[in-house]
Amino acid sequence: MYMDIWCVLMALLSATWHRGCTAASYNCDDPLAFPLPSTAFDSSSELFSSRSFAKLNSRDGTGGWIPLESNMRQWLQIDLGERFDITGVATQGRYGSSDWVTSYSVMCSDTGRNWRPYHQDNSIWAFAGNTNADSVIQHKFQHSIKARFLRFVPVEWNPVGRIGMRVEVYGCPYKSDVVDFDGRSSLQYRFNQKQMTTFKDVISLKFKSMQSDGVLFHGEGQRGDYITLELQKGKLSLYINLGDTKLRFGNTHTVVTLGSLLDDQQWHSVLIDRFNKQINFTVDKHTQHFRTKGDSDNLDIDYEFSFGGIPVPGKPGTFLKRNFHGCIENLYYNGVNIIDLAKRRKPQIFIVGNVTFSCSEPHIVPVTFTNASTSYLLLPGNPQMDGISLSFEFRTWNENGLLLTTQFSGGSGVLLLQLVSGKLLLEIQEVEHVLTLSSGSGLNDGLWHAVTINARRHRLTLTLDNAVSSPDHLAFSMQMFSGSRYYFGGCPDHLTDSHCIHPIPSFQGCMRLIFINNQPKDLISVQRGLIGNYSDVQIDTCGIRDRCLPNYCEHGGECSQSWNAFYCDCIGTGYGEETCHSSLYEDSCEAYRHKGFPSDYYYIDPDGSGPLGPMRIYCNITEDKIWTLVLHNNTELTPVHGNFGVRPYAMLFNYNSTIEQLEAMINRADYCEQEVAYHCKHSRLLNSPNGAPFTWWIGKGNERHTYWGGSLPGVQKCACGLEESCIDMRHFCNCDADKQEWTNDTGFLNFKDHLPVSQIVITDTNRTGSEAAWRIGPLRCYGDRSFWNAVSFNTASSFLPFPIFHAESSTDISFFFKTTSASGVFLENLGVKDSMRIELISSYQVIFSFDAGSGSTEILLHSGSALNDGQWHFVKAERNMKVATLIVDNQQRKLTREALDGRIRLPLSSQLYVGGTLSNRQRGFVGCIRSLQVNGQIIDLKERARLVPDIRPGCPGHCSTYGNLCQNNGKCVEKRNGYFCDCTNSAYEGPSCVKEVSAIFEAGTSATYIFQEPYPVSKNASIFPSSPIHADTVISKENISFSFVTGQAPGLLLHINSFYQDYMAVLLTRNGSLQVRYKLSKEGTQVFTLESERLDNRQLHHVRISREGRELIIQIDKIIKQRHNFSSNIYFKAIKSLTLGKVVDNSGLDPEVSKANTFGFVGCLSSVQYNHVAPLKAALRHPSIAPVTVSGTLSECSCGSITESDLSTVTTTYSASDPFGKDDDREPLTNAVRSDSAVIGGVIAVTVFIIFCIVAIMTKILYQHKETHRKSQKREKEYPSSMENSFRNEMDLQNAVSECKKEYFI
């Protein structure tokens, strides 16, 4: 009962506090200026006592207030007599005249000093004024003002008239309870019982501080509970601990800091709302939510709660920390009005020290220097005084600035006080030399710092922050007499003499308490023009603001600031640009693939610029589906056996990513899966069909699941149970048969809403003989729901509406488009005065425009190429607190700087329209838009398009943009969502046809492709086209490409023959050169031997041979080595076969080719392409249906990995001697045409061929029976310059083959 009443009371109190924070709109609009006497009005100046007639609708006298001069220094002020809750204002011009104000700002104060401007949307608000003399323009404040004094400051006025105003103020009385602490006092609220235990606390107050440090309240208990609110360096720190004595003021207590510059002698509101460990901490408009530490949900406070300080028990008037000095208003502790109890002298309140119930404030007049070039304040001094005495306080964010300069009487020297790199630097510039003195560091921290300079009798003392015990001293020889002028902050622009020295930029910041020769300076008299002078200075207000509060540096970026701007350090965040808003990483592996990246580990950011950080994954880009793999801490097969006591065996999985990141990645994917395997021996899994499961896993949302891989959610089965293939049909899992032999249940979990697996629990391993082993594979996903989310707009009048888009402090919009139209609105969002639009305005121009209420801003980007070419183009627009940017494709971004104090958010009130605009229905976009994202959130265009006519989900024609990603003769094929690369006619494979297809050739290995009737390379003939080459085809051109690695020469790489005895051969000569041989009926035999380094050097080489008609081009490693023009167009007629490696049917071979064919080719061949035929790929991938005959051992292996990894020597050289009895096989580069009709030549050729065969057989026998290593060493000595050192210790070819097999199956 008590608890229920307590909860209701706390809830009502919290709601009441929040209502007090907003502008009171209920019966709080009474005119406040109308009943006031004319003496309540004051002004900077007036003409003809005009301020007496400044009330709204006044027609008497001058008909309104008129200042002496119309400039930015003028103001009109009203004293309401006491503090009111002010909710609005109204203005008119001067009656019957051309004098009116078109724009003005409002300032307020409790004392008539230390004014603060009215802020709205985090900037000093400029109200729209009048357009004539008599109409009334009224404004209601977004939030009410509690103040006694109100000041109108004209900003702009009628250019053909003067400043003229009649005004009214609206509001209602404001009642409050106030207590004043002098820094040595406190209020102690004593409980009725020894201990107060609460599970919910609400503490609210408003405070105004005279100092930057002090304790506002404190409570503690003997168990270690405590709560403390302390002002530290102008910021509020909340310390709290619930029931843990070990954390008592240790390094692990919960502390949260909020607010900044809270020692500005202005009112600040505080609300602390705690429920158990959850706390909402609010200072002014900023709230932080957090959970406190401790072992309890209750806060136990003993005896009393102290406000204003922390008293020492048993020592009245003694405090542990610095007490609060200032005023507190409307102090409520769990519904108790503490100040009201103290005022009525209730016994629950014990007063320590001097406490008063009205707020006494010193009349301190600050001054603000606003401009780094032109700000200065000139104050008069007392000349000819012996010595100098100066003191003042300053606060700033800038590292550098001139604080003070003055010239001594008689021109004997100059005193300069500067802020340089955050340090004070004092200079005495005498006639012949300069004396310097430095003090302090980091003085640009925004806090008040006190400076005192005393110079007398050849000695100068500089004291910083009242450190009397350790001042800095400087000795000098001259006699120093005070001057008549003291320049603070800077110098005038047009000095005609040398009274002011200005070596560095002017000071930007605030000063106060300026004393010259121990006399305070009256800055109000300076403001009224009675003494001194100034420029670009605001008197009676300190305009410093903390630009890092709130912190607009996103994603953990570190904020720093100067007077005019803030800066973000984004290093290590994974984000970039001015506010760390834009992710440095792609959204998915699909995006990496379309930028040409290979398989590797990458970071992805599934929500783009959203709150989630990047996560590290592996992108497998070697398959048609682009897989994303997220590994966890245990992907190995893990055994389990034995008894684990009361708690069952459990394993938690850590994916090195947050659950939110994993969910974002899964939601973005088309499909996800995780393989689960349970190996069992006398250990049950799910105890199917009706028993309680012995094993379960925990998934998304910490939910428990009792189905296994391959089954359906909610069905307590394994894959074999659905397939009815379990080893015991009475059970739904193999392991549930409880056999004494090893068996397993393995399958994939693919219900996305349950993934990933976060824990597995196993219970049935405690019986005798029970054993189990489990494996949970990595999370695997493919697809990107956003990347291909596209719609087609068919008419200019169609568009897609989406819910209201709330533009935050940083906003980014990105999408792809393609069109053939020259213009069209991509998207638009409107507010009452605000707007945002991205539009194609010409074939080459995109514009990003927005209006934040202060005028339209446009960014126009001109593209170097046409944007209406029917191809996909990328657009990204971003607006943040510092800049607005526009990017189109890969062009350099176009940006514009945002206004220093511009509006943070765009209050857009209409829907987001994609593809069109309401303002002009004929300006809509015609074409396709896809992958639209706003602040990292995916906009589902396809789903919305199903509901709108003239807009079609999806968009064809992706190959026009992405077709170039299909390489090496790959063909781009359109899909409903995207495209794929058809690698049928390519020697490569993989999603982009770039993965090599390679194989090891041993001695005697042969792969022969027979040209016959077309055959389908794939079993699905409807997908893959037929081979374009027939046996009776006449070939007028060849395009041949391949790569190879070998350590043996000579060797035959490739041989093509025809039914007419024509042939083409590519071989390696004995000295490692590449040779291409043609024999065509008209041209005879032509031989081309290419000069190059030895190609049998166990390095990967790329060869390309192209012939069309008469022209022949041969390239090695992308360098053209040979060009040749035949005498006439030549043709291959009736091609019979193409052989890689050894030609088995060697009858009729050219004698030189026959020599190279002794062993064929020994090494690695890769990605062999002949026109549109890929013979090696056909032999490896489709041996049963392709017209390919393989002799010997053909083992798949990556040639590139062999070279890069240096795994082993791929080839073996067989003999160092010349088995053919020739010294040099190198042929001249010119044609060596031999007449086939010469009989002698034919006889010689036959003889050579026979000798070649005999020598080859003998060599093979000798090779098999003699000591290979000794001969290899001898050969190395003969050709030392042609061998790479890393391959001299050769291994047997079989080792290389076995390594490749191992690598392939991995």
Side-chain angles (χ1 to χ4, degrees), residues 625 627 629 631-653 671-700 703-781 1019 1302 1304-1306:
K625 292 182 174 64
W627 287 95
L629 279 73
L631 303 178
H632 55 74
N633 55 316
N634 191 352
T635 57
E636 302 298 326
L637 188 64
T638 304
V640 181
H641 52 81
N643 193 336
F644 292 90
V646 178
R647 293 186 177 182
Y649 173 87
M651 173 61 71
L652 291 170
F653 301 110
Y671 171 85
C672 291
E673 67 181 20
Q674 236 176 323
E675 186 181 37
V676 292
Y678 190 79
H679 298 259
C680 54
K681 179 181 178 183
H682 193 40
S683 175
R684 292 157 294 181
L685 179 60
L686 300 182
N687 199 23
S688 60
N690 300 315
F694 288 105
T695 298
W696 61 88
W697 56 275
I698 308 298
K700 176 182 174 182
E703 293 183 359
R704 169 177 161 170
H705 301 286
T706 57
Y707 68 95
W708 201 244
S711 181
L712 299 176
V715 180
Q716 191 171 321
K717 294 183 179 182
C718 299
C720 69
L722 287 184
E723 300 167 356
E724 298 183 353
S725 61
C726 297
I727 59 176
D728 187 337
M729 298 303 295
R730 295 173 298 173
H731 300 280
F732 297 150
C733 294
N734 290 323
C735 289
D736 289 346
D738 205 19
K739 300 287 186 180
Q740 295 292 339
E741 300 82 20
W742 280 101
T743 185
N744 74 89
D745 287 290
T746 302
F748 285 94
L749 303 170
N750 56 18
F751 189 61
K752 286 172 55 177
D753 288 348
H754 289 172
L755 297 178
V757 178
S758 61
Q759 184 181 13
I760 185 172
V761 180
I762 299 173
T763 64
D764 192 25
T765 59
N766 54 0
R767 295 179 295 161
T768 302
S770 293
E771 293 183 72
W774 60 266
R775 181 182 180 272
I776 305 295
L779 175 66
R780 289 165 31 103
C781 300
K1019 294 181 180 179
K1302 185 189 301 181
Y1304 175 68
F1305 285 108
I1306 288 174

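Side chains are part of it too, since the values below use all heavy atoms of this structure and drop only hydrogens, waters and symmetry mates.
Under the ring-ring contact (aromatic ring centres under 6.0 Å, His included) criterion, the residue pairs touching residues 732-771 are His705-His754, Tyr707-His754, Phe751-His754, with sequence neighbours excluded.
Under the rule for a salt bridge (Lys or Arg N to Asp or Glu O under 4.0 Å), the partners of Asp738 that lie at least two apart in sequence or sit in another chain are Arg767. Legend: residues meeting side-chain hydrogen bond (donor to acceptor under 3.5 Å, both in side chains) with Ser770, ordered by chain and number and at least two apart, are absent. With sequence neighbours left out, the side-chain hydrogen bond (donor to acceptor under 3.5 Å, both in side chains) criterion links Ser688 to Asp736. Annotation: side-chain contact (heavy atoms from CB on, under 4.5 Å) contacts of Thr746 (sequence neighbours excluded): Glu675, Ala677, Asn744. By the side-chain contact (heavy atoms from CB on, under 4.5 Å) test, Val640 is found to be paired with Phe644, Tyr649, Ile762, Thr765, Trp774, residues two or more places apart in sequence or in another chain being considered. Residues satisfying the ring-ring contact (aromatic ring centres under 6.0 Å, His included) criterion with His679, sequence neighbours excluded, are absent altogether. Take Ser683 and apply the side-chain hydrogen bond (donor to acceptor under 3.5 Å, both in side chains) test, not counting sequence neighbours, and it matches Tyr678. Remark: Val761 engages Pro648, Ala650, Trp696, Gln759, Thr763 in a side-chain contact (heavy atoms from CB on, under 4.5 Å) (not counting sequence neighbours). Under the rule for a side-chain contact (heavy atoms from CB on, under 4.5 Å), the partners of Tyr671 that lie at least two apart in sequence or sit in another chain are Trp627, Glu673, Asn750, Tyr782. With sequence neighbours left out, the side-chain hydrogen bond (donor to acceptor under 3.5 Å, both in side chains) criterion links Thr638 to Asn634.
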Donor-acceptor pairs under 3.5 angstrom involving side-chain atoms of residues 716-724: please list them, not counting sequence neighbours.
unit_1	atom_1	unit_2	atom_2	d
Gln716	NE2	Leu686	O	2.7
Gln716	NE2	Gly691	O	3.0

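Met729 and Cys726 get closest at one heavy-atom pair: SD-O, 3.5 Å.
In this structure the side chain of Val676 never reaches within 4.5 angstrom of the side chain of Trp697, judged on heavy atoms. The shortest distance between side-chain heavy atoms of His632 and Gln674 falls below 4.5 Å. Counting heavy atoms from C-beta on, the side chains of Ile776 and Ile760 come closer than 4.5 Å.
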Worked verdict on Ser758 versus Leu652 for side chain to side chain contact (heavy atoms under 4.5 Å, CB included): CA-CA 6 Å; Ser758 61; Leu652 291 170; 5.9 Å; no
Step-by-step side chain to side chain contact (heavy atoms under 4.5 Å, CB included) determination, Ile698 to Val757: CA-CA 6 Å; Ile698 308 298; Val757 178; over 6 Å; no
